[in-house]
Structure formats: C-alpha cells, structure tokens
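This structure is a prediction, so every number in the text was calculated from the model and none was measured. To find a chain, count down the sequence lines: A is the first, B the second, and so on, and within it residues start at 1.
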Amino acid sequence: MPRYNPATVEPKWQAFWAEHNTFAAPRVPAGRKIYVLDMFPYPSGDGLHVGHPEGYTATDIVCRYQRMRGTSVMHPMGWDAFGLPAEQHAKKTGTHPRTTTEKNIANFRRQLKMLGFSYDWDRELATTDVDYFRCTQFIFLKLFDTWFDAEQQKGRPISELPIPDDVSEEGEEAVRRYQDEHRLAYQIEAPVNWCPELGTVLANEEVQGGVSERGGYPVIRIPLRQWMLRITAYADRLEKDLESLNWSESIKALQRNWIGRSTGAEVDFFIGMTPGDDGKPDQRQYQGWLRDRELGGYPRKPDLDVLRIYTTRPDTLFGATYMVIAPEHPYVARLTQPGQADAVKAYCEEAARKSDLDRTDLAKEKTGVFTGSYAINPVNGKPIPIWVADYVLISYGTGAIMAVPAHDTRDYEFAAEFGIDIVAVVDPGEAEGVSRDDVLAGKQVFTELGVAVNSGEYDGLPTNEFKKKIAEDLAAKGLGRTAINYKLRDWLFSRQHFWGEPFPILHELDADGNLTGMVRAIPAEELPVDLPAEMKFDSTHASPEPPLEQAPADWLYVTIDGKKYKRESNSMPQWAGSCWYYLRFLDPKNSEALVDPEIEKAWMPVDLYVGGAEHAVLHLLYARFWHKVLYDWGYVSTAEPFQKLVNQGMILGEMEFTGYQDDNEQWVSAGDVKTNAAGQPISKTTNDLVTAVKVEAAAVEKQGEGFVLKDNAQIRVDSRAYKMSKSRGNVVNPDEVVREYGADSLRLYEMFMGPLEAVKPWSMEGVNGVRGFLDRVWRMIVDERSEEMTLNAAVQDAQLSDEQNRMLHKTIKAVTEDVDAMAFNTAIARMMEFTNFFLKEDVRPRSAMEKLVLMLSPYAPHVAEELWRLLGHDDTLAYEPWPEYDASALVESTVEIPVQVQGKLRGRIRVPVDADQAALEAAAKADPKVAEHLEGKKIVKTVVVPGRMVNFVVK
RNA sequence: GCGAGAGUGGCGGAAUUGGCAGACGCGCUGGACUUAGGAUCCAGUCCCGCAAGGGGUGCAGGUUCAAAUCCUGUCUCUCGCACCA
C-alpha cells in the first residue's frame, strides 16, 4: 500500500505538531534569535489565495531551517480583521461584522494549518480583538499626547510644549487650543474624498486618478471634520533612517519618492495691504517694506502684505514673469480686483466642484484666470501679474508659486496659453536636446542646469552657485530663506465606518448640545472604548456622516462631572491595527503594557519581514512612523521596526493565448489590434471593436518573436499571463491544489517557480512536476510494494562511496548557501539532482537519506517527518541539527577542463585538479580535436587559467 | 514625462569577482513494461545541417585571448509616481 499519500500524511503531522506544541516560541530567546514576520492577511470571505502561501512558505522555510541551526525563532500569525467588506456585508444581510469576521478568520486559520506552517499559534491575534484595539487606542492617546520638537527632531509630551506668552495671556482655553494645534493627532475641517458608492471617505492614497483604488468608483471632494496624524513631522527621519535598513533599493526608492523631499527656497513677494486701482502695490510702501525686512529679518509666518512662495530654482527669480496661487489659497478674494471678481469666483467654484479625476483629466490644457493684482519681484522691483490656476496645489509648499515660463514646463505651457512674457535667464550652452537660440529667445523651455543670463549682477554664475548665493543674499535682506518641502502629506486618519477602532475621544457639548470644538481624551486606564453592542445596519448610507452617529444614545453620549460629551463617531482606518501588531505578537496577553520591555528588547527588531509589494509605501511608512513615536516615548528600543524586508512577487494566472475576431468572426492579427481610450481592443485599420478570444495552446505555434495560429500563420495571437481575478476566471484555489497534490507539493511548487521576488505565472503542470519529485523521494526511501511502511531494500547502513559522498556534501553545501540567500528555487533543484542520482544507486546509505530528509524538511515538512520516522526516529525532526558539509569530501582528483581555439570550444581534457599551466597546455595540445584546429596555424598566445580553461589564439 | 526593475529554448527558470550558455522542472518525441495509462522506467530535446560545421542570451556597436555577464547607444515589457513648483 504505502504509496506517497499526502492526504493521510499531512493531517497526521499537523495534529502531532499541535499536540506537542512543537513550534512554541520561548518568552525570551535563548542565545541567537530571529524574528520572522509575515504580513498578516485580511481574512476575506474568499479565503486564501495562492499568493498568500508564497511569502508564508518562504518565511516558514527560513524558520524551520533556523530552528535546526539552534536559533530561537519567533514566527507568529494573526489577522488584519477590520475592513469594509464585512461592514458592507452587514448592510446587505444584517449580519454583524464581528460574526462575518470570525467566520472568515476560522476559514483562513483552517487553510493556513492545512499548509503546515510552523507558527506559534498561541500568539495568534486579530486587530478586532477588543483587548488588541484597547492597545491601539492607547497608542492613539500617545499620538494625541505628543508634539514634535523640530529642534530635537523628536516627539515629546504635550505637557512640555512651550506656550508663547501671548497665548497664555489669553487664558486656559487658548492654551488648550494651542496645544491641540500642535498634537501629532489633530482635527481639521478639510475637503475629503467622499466616495458615494463605497459610502466612505478615502485617504488620498486610496484615490488613484480621481477614482477609488478599490472598485474604481468616482470620488468627490466635500468638507468634513477629520482626524489627521502629523506624519510629515517625521518625514526627515523616515527618509534618513531608510539608509540603515536592509531593504531592496527599489522599495527604498519608492518610499523616498513618496516622501518626496526637495530643497529650495521660500521667497516673499510684496503685494501690499491695499493695491492701487491698477492692481499694483504702491512703490513707496514697497520701499518701506524692503527697509523693514532688512532690519527685522524674514518672519516665520508671512504677513498679510506678502505672497510667500516656494521654489527649488531661486536662481530663476529674474525670469519670474507672473505668479500663480491655488484656487483654495486664502488670499484669492483679497487679491481679486472688482473687474475680475466674477471670473475668479466662477473659476474657483468650478475648481472646487471638480473631482481629482477632472483635474487630472484636464491636465493637458492649462486653465487659469487673472486676479487683476500684481506682486513685486523682490530681485528687480518689477510688478508681475498674479493668476489663479488649478495647476498649483494648495497642499504643497505655500500654495503659491512664482512662474518662470522659460525654465519650467508647466509655466511655459501656461504662459503660451495666455500670452504671458517668457524671459530666459538660464543659458543652456551646449546642452543636449535643446536649441540654445530658441531657449534664449523664449521659444523653447529649458529646465536643466546652465549659466545665468539676464540676472543682473548674477550673470555668468552656474546654476548651483547661483542658488547658493541668492539664498544667502535673500536671507540677508530678510526676503527669503532656504526651505525643505515634502510631497508626503499628513495622514487622514478617520473613516466613516462602523467596523473600525473607535477613537478614545470625547467632544465637549454646550448647553444646547452643540459641539464646542474642545475635546477630551479618555484616560488610558478606562480603555477600551468598545463598539456599541446594539447596532442597526442600514443598507443605504447616502451621506458621509459616520454610521456611529446612529449608535444608541447611551453609547454616544457620556456625562462626566455633570458635563455632557459626545463620543467621536469616526473610526480609525484599517492601517491602524497593522501599524504595531509585530509588537503585540511578542507579548499578546499582557494587560499592563503594549509589550513587556524585557521581551521587546530581547526580540526586536523584526529580522525578516516578507509581504507583497503593494504595501511598499503605505503600511510600511505608517508602521515606521508609529514605531518612531513609540521610540521617542521609550516604549520600544529600536529606531526602526523591520530590519530586512523582502517583497514576494505576484503570482499570475496560467499563461493564456488570446486572438482577436471582428464582427464576422474573422480573425484579426494581434499586430493590427490596439486599445482605444476606454481600454477596449479595436482594429488599427478600421477602428472597429474586435473581440478577444481565448485560444488553446495546442492551436498556436511560435513564429519569430511571437505566436501565430497553426491554421493561419498570418494571424498573430497575444501570449501572456494575467493577474488572477474572479472576472477572468483564472483564480487558483489552494484548497483544490492541496486536495489534488498535497500541501507539501503546493509549498514546494511555489518555491520552485522562480525567485521569490519575481512575478511568475502559475502552472498546474508545474505542481504535478514537483509532486513527481516528492513521489521519487518517497520511492527512494520507502518500499512501495510492501503492505507495511518499510524501508526500501536499497536503504542500508552502509558506507558512502566516494562519489556518493561527494554528491551528498555538494548538495548540503549548495542547499545551505541557497537557503541563506533565500534562493529556494535552486535549493530545490539541487535536491532533485541528489534524488536523481541516488535513485540510480543500488545501495542508498541510510545516513545520506537522513540528511536529504532533513534538508527537505523546511520545504516539505509533512513528508519529511514521515520519512524521518521510517528511518528510525521517534521524535519530530524540527530541532534536529542541520547537516554540515565536509569541504574535503568535495575535492575530486581530476577535473574536466574546456579547451578553446580562438575563443571557440574545441575539446575537453581531463586533468589532475592540481595540474599546472605547462601540464594543462600540453594536455590541451594533445587533444586530437584541438590538434586538428591548431594544425598549420601559428600559436600567437596561450591563455591558461588553472582549474578553469585553456584558450589558444592562433594566426 | 519622472523613478525602479526586467528582456536567455515551446514554457517556468539556471549560470554575474568576464571563463564549457541552457542546471532543475514542465512540455514534447521515441522506446520499455502493461488489459489499460494522466502510473513507472529508459533515451532524446537551443536553432540550421545527413554530417563536418555554422549560428545563438531583445537589437546595433565597443572593450577583451574570452561577454548572458563590462561599456555606449537603442527598442520592448512590467511596476510605481504623476501639474509636488
């Protein structure tokens, strides 16, 4: 009977591991430690996807390998369980989100256990656990209780915030408001991205090109009171500390790009308090202002009589021929002259109505309107017109720019559109790709570095020197200062969901029951703030108002010391729970602290963090931000949470061939098909829609660069693998794969497909292939013809032959080096070679078989345990020492060396390993094939690399 | 447009201090065993060629005794960002 049958072997060992608590992690490590973390999944109703086990298998291999090397391993798993789908399900069916969530978690847990991962399940947690979000709320209180000291670059308790005298003179309420303005968690009334379809407000990051990232629904902007987290305060540290991390350069680049640090200068342009009838500031006032600035210096906050701008190119100040302020800029109304009022008002209203989608869509053509007012360019005293245009964003820099059309593409387009002067102030010289004459004539835009012209005393300065010089000069005159800006925005931290962590915040009510604008934090010892138990779920949610506004009054309203309060009804975003779960895993049941400091110190940081690249920016940036705040408070001992990060590549569906047919079901070659604006395939010649038709692999053949129909070689077909999706019907279900081939085969296949970080197409035949390998390993060791589990007769307590020994140690060396490099695909290939070799051996020494089983066990743990037992061991192999290789066993007495003539391979010679140059050369010349090619030629040069190759250069 | 990464057989991929291109697996071809085969085993499988030989790592150049690997240019694809002043 005993053919390899994963359906019996796998559940048996899963039960064994659970019963013996095989993978329990110690409270603190004994000796060397490794903390290996998977990005915990959102337990969706669809269950596990084959993408999940890819990263999970990789980390599981590392953990099992490290246990065998005597390392203390922390390897936990949990659930990122808050999220919109459960709430939408509740709206449809009335089922409480917690019920749905628990059901989904149970399914995920079953699936993960089915795959044999060596998690310490006693540490399991879900972000929806009340005890867990009690701690999440605690961290929020800390964020609320922190201000960022820019001097020290550190978060500090709000009680240490210095209060300016003029504020403290105004009284206690003013002080509280001042503090509230400086907290890391603060509230604003801001236009938010309301998505009616999803019934929620989205973060900027969740809106892609004006539509929701999930679902692609339209998003409109409406004002709402929101909680924000001041992540921008930590931008500098978040960027700088990337350097210390063992992350791929591409992920670091993504984060740097997202943070988007730029250095430049802020400059104040004088506009005056009351412009003249012509819209221009009074020259005498301007002169007075210049003198005041020279004496008083550059103020921290701009006065009302200036327009403050940010530029990365202060060297182009002389070329600024107009200015632009964003439609939302607070000065818009003030700067609008009566004659322009209607036009400006209309323009701003339209801009406000526009969704981000519209703004992006219309990006091709610049729009704007003149305010009628002018500002004075501080370098030459010239008045320049101020425009309102939506290509300037209120959320970046100061929301206002100086426009230099000659040297900025956007300004150039705008100036061309509206006929504004273009003055070149940077001479491109011999720079490539531009015509110097055209640039100097204002007919072509030039945005690179060059040499200053038309810039008064600065003429002749190279761009970089000019930048430095003018920044100093402006600072000396009190007109500007060097400044740093970030693309990163503060984090919109509230959501209009029921199914999220409630904020531990109360809003003060006045006698009429209206919000006073003052808030009060719930003390840490009174946490958690649980969600209301009784809750009705509406199927319609047509307003952006949070569902918790409909919560029972006894939850929503609180009276403390006779004062009435209303609970915050927003909830936290899903990101909140995933910001710190790696800490809670270390000490999941601690009721006193987030994590015991002794335990935290012993296990942190996470040594290996594996997950999808889709979290390269947001999750990782948010978690790093929280970690740094906790670090500033002394709750954690490391500046960064995740030392090494690896992103597994996406697994695509099976490779597909796609042909195209027109309305008459006639084939259209893929070369004649393009996509239209709506993304549909159309014919290049007729522009008619064509239909994509799936073509079987058997019906196509390779021709040249691509594939064509076998029946009609004129018709090219597309060949590619697509992202798995329900709509495409190419989703692979892990349950089915396990049923058909077993968990070990699934694990092995996912690792064998290719490098962990690469994007790879699925292939069911490939799974079958690795299953064949496991079958061969089984037959190599087990006697299949026997009814009992019996060793194959070839497995004997015998000495290894030299060749067997070499094979064994070669394999140990390669597999060990590969797992250290996380090159699992080649490690598996080496074990396949080992198996192919020993299957041909009549005697398979037991010790060699045991070592293979140990090496295979991280990849295919169930079958390995089963074989280990058959080989005569009573206990799990999880803590057996990892095989060591013997370098002396690798040495061969002779080696085959290629011989080239003119760089072309002409023969191979077998020589002693230590053959010297002369011996190699002689042996090479003696080879008949080589001799043939040398005959009648003169040897000009002989290259001999001992142990590697010989090359003759002849004439 | 900007940034990052990648182009190697029919397919997934291996080989990177420059040194035998195609490890390993799939698929395919032929054979053995068999009532049967989607089991197993054996042999073959980069392309052209009967062979000798020639060609070959997206394309075009270059460096070198020797290039998938280094340099220059170029094309294509994937991912991310996208009016960030």
With sequence neighbours excluded, residues passing side-chain hydrogen bond (donor to acceptor under 3.5 Å, both in side chains) with [X]:
| X | answer |
| --- | --- |
| A/R747 | A/D60 |
| A/K925 | A/E921 |
| A/H933 | A/R906 |
| A/R779 | none |

Nucleotide nearest [X] (side chain, heavy atoms from C-beta), chosen from [options]:
| X | options | value |
| --- | --- | --- |
| A/F752 | B/G25, B/C81, B/U78 | B/G25 |
| A/M655 | B/C11, B/G13, B/G19 | B/C11 |
| A/S250 | B/C81, B/A4, B/G80 | B/A4 |
| A/M832 | B/A14, B/A85, B/G25 | B/G25 |
| A/P761 | B/G53, B/G12, B/G19 | B/G12 |
| A/P755 | B/C11, B/A14, B/C24 | B/A14 |
| A/N836 | B/G53, B/G25, B/C20 | B/G25 |
| A/L905 | B/C24, B/C20, B/A85 | B/C20 |
| A/E765 | B/C26, B/C11, B/A85 | B/C26 |

Suppose you measure atom [atom1] in [N] against the same atom in [M]; what distance do you get, rounded to whole Å?
| N | M | atom1 | value |
| --- | --- | --- | --- |
| B/U69 | B/A15 | C1' | 10 Å |
| B/G22 | B/C75 | P | 32 Å |
| B/C48 | B/G73 | C1' | 31 Å |
| B/G53 | B/A36 | C1' | 47 Å |
| B/U40 | B/G19 | C1' | 41 Å |
| B/G1 | B/C28 | C1' | 46 Å |
| B/C26 | B/G44 | P | 16 Å |
| B/G13 | B/U8 | P | 9 Å |

Interatomic distance where [atom1] belongs to [X] and [atom2] belongs to [N] [whole Å]:
| X | N | atom1 | atom2 | answer |
| --- | --- | --- | --- | --- |
| A/F773 | B/G12 | CZ | C1' | 17 Å |
| A/R256 | B/A4 | CZ | P | 11 Å |
| A/R720 | B/G10 | CZ | P | 21 Å |
| A/K760 | B/U78 | NZ | P | 18 Å |
| A/I484 | B/A85 | CD1 | P | 13 Å |
| A/L652 | B/C79 | CG | C1' | 12 Å |
| A/K487 | B/C81 | NZ | C1' | 6 Å |
| A/N257 | B/G5 | CG | C1' | 14 Å |

Test ring-ring contact (aromatic ring centres under 6.0 Å, His included) applied to A/Y486 - qualifying residues, sequence neighbours left out: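 Testing A/Y486 for ring-ring contact (aromatic ring centres under 6.0 Å, His included), a comparison that skips the adjacent residues, returns none.
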
Using the test salt bridge (charged side-chain N to carboxylate O under 4.0 Å, His left out), find all partners of A/E841 that sit at least two apart in sequence or belong to another chain.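 Counting only residues at least two positions away or on another chain, A/E841 forms no salt bridge (charged side-chain N to carboxylate O under 4.0 Å, His left out).
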
List for me each residue that meets salt bridge (charged side-chain N to carboxylate O under 4.0 Å, His left out) alongside A/E239, sequence neighbours excluded, and say none if there are none.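 None.
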
What residues from residues 817-830 of chain A pass a heavy-atom cutoff of under 4.0 Å to RNA chain B?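 Residues of residues 817-830 of chain A under 4.0 Å from RNA chain B: A/N825, A/T826, A/A829, A/R830.
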
Taking atom types as modelled, is there a side-chain donor on [X] or [Y] under 3.5 Å from an acceptor on the other?
| X | Y | result |
| --- | --- | --- |
| A/R910 | A/T894 | yes |
| A/S395 | A/R489 | yes |
| A/S262 | A/Y396 | yes |

Cut-off 3.5 Å, no hydrogens considered: what does the side-chain donor-acceptor table look like for residues 761-769 of chain A, sequence neighbours left out?
{"unit_1": "A/S763", "atom_1": "OG", "unit_2": "A/E765", "atom_2": "N", "d": "3.4"}
{"unit_1": "A/S763", "atom_1": "OG", "unit_2": "A/G766", "atom_2": "N", "d": "3.0"}

cation_pi(A/K366, A/Y391) dist<6.0 Å, angle<=45: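 So A/K366 does make the cation-pi contact.
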
Test: A/R771 cationic atom under 6.0 Å from A/F773 six-membered ring centre, within 45° of axis: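 No, cation not above the ring by the 6.0 Å, 45° rule.
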
Counting only side-chain N and O atoms of A/S262, is one of them less than 4.0 Å from OP1 or OP2 of B/A85?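 Affirmative; the distance criterion is met.
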
Nucleotide-resolved protein contact map, nucleotides 54-72 of chain B, B/S/- at heavy-atom distance under 4.0 Å: SS---------BS------

Letter per nucleotide, 5' to 3', of nucleotides 30-45 of chain B [B base touched, S only sugar-phosphate touched, - untouched; heavy atoms, 4.0 Å]: ----------SSS---

Aromatic ring pairing A/H619/A/H615, orientation class (parallel under 30°, perpendicular over 60°, tilted between):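 Rings of A/H619 and A/H615: perpendicular, as their planes differ by over 60°.
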
Test item: A/D411 side-chain N/O and A/P405 main-chain N/O as donor-acceptor pair under 3.5 Å: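 It does not hold such a pair.
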
Looking only at atom types and distance, does a side-chain atom of A/K252 sit under 3.5 Å from a main-chain N or O of A/S250, one as donor and one as acceptor?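 Checked: no pair found.
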
Counting any heavy atom closer than 4.0 Å, what does [X] reach on the DNA or RNA strands: base, sugar-phosphate only, or nothing?
| X | answer |
| --- | --- |
| A/E896 | base |
| A/I401 | base |
| A/T311 | sugar-phosphate |

Do A/K366 side-chain and B/C83 base share a donor-acceptor contact under 3.5 Å?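 Looking at the base of B/C83, it does pair with a donor or acceptor on the side chain of A/K366 (distance under 3.5 Å).
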
Taking syn as a glycosidic torsion within 90° of 0 and anything else as anti, which one is B/G9?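 Syn conformation here, the glycosidic angle of B/G9 being no more than 90° from 0.
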
RNA chain B: A/G769 or A/V617, which has the more 5' nearest nucleotide?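 Looking at RNA chain B, the more 5' nearest nucleotide goes with A/G769.
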
Contact nearer the 5' end of RNA chain B, comparing A/L488 with A/Y749: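 Checking each residue's closest nucleotide, the 5'-ward one belongs to A/Y749.
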
Measure from the ring center of A/F752 to the ring center of A/Y859 and say whether it is less than 6.0 Å.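 No, the ring centres sit 6.0 Å or more apart.
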
Given pairs defined as Watson-Crick or G-U wobble with both distances under 3.5 Å, what dot-bracket annotation applies to RNA chain B, with ( ) intrastrand, [ ] crossing, | other strand and . unpaired? (((((((..(((......[....)))((((((.......))))))(((....)))..(((((..]....))))))))))))....

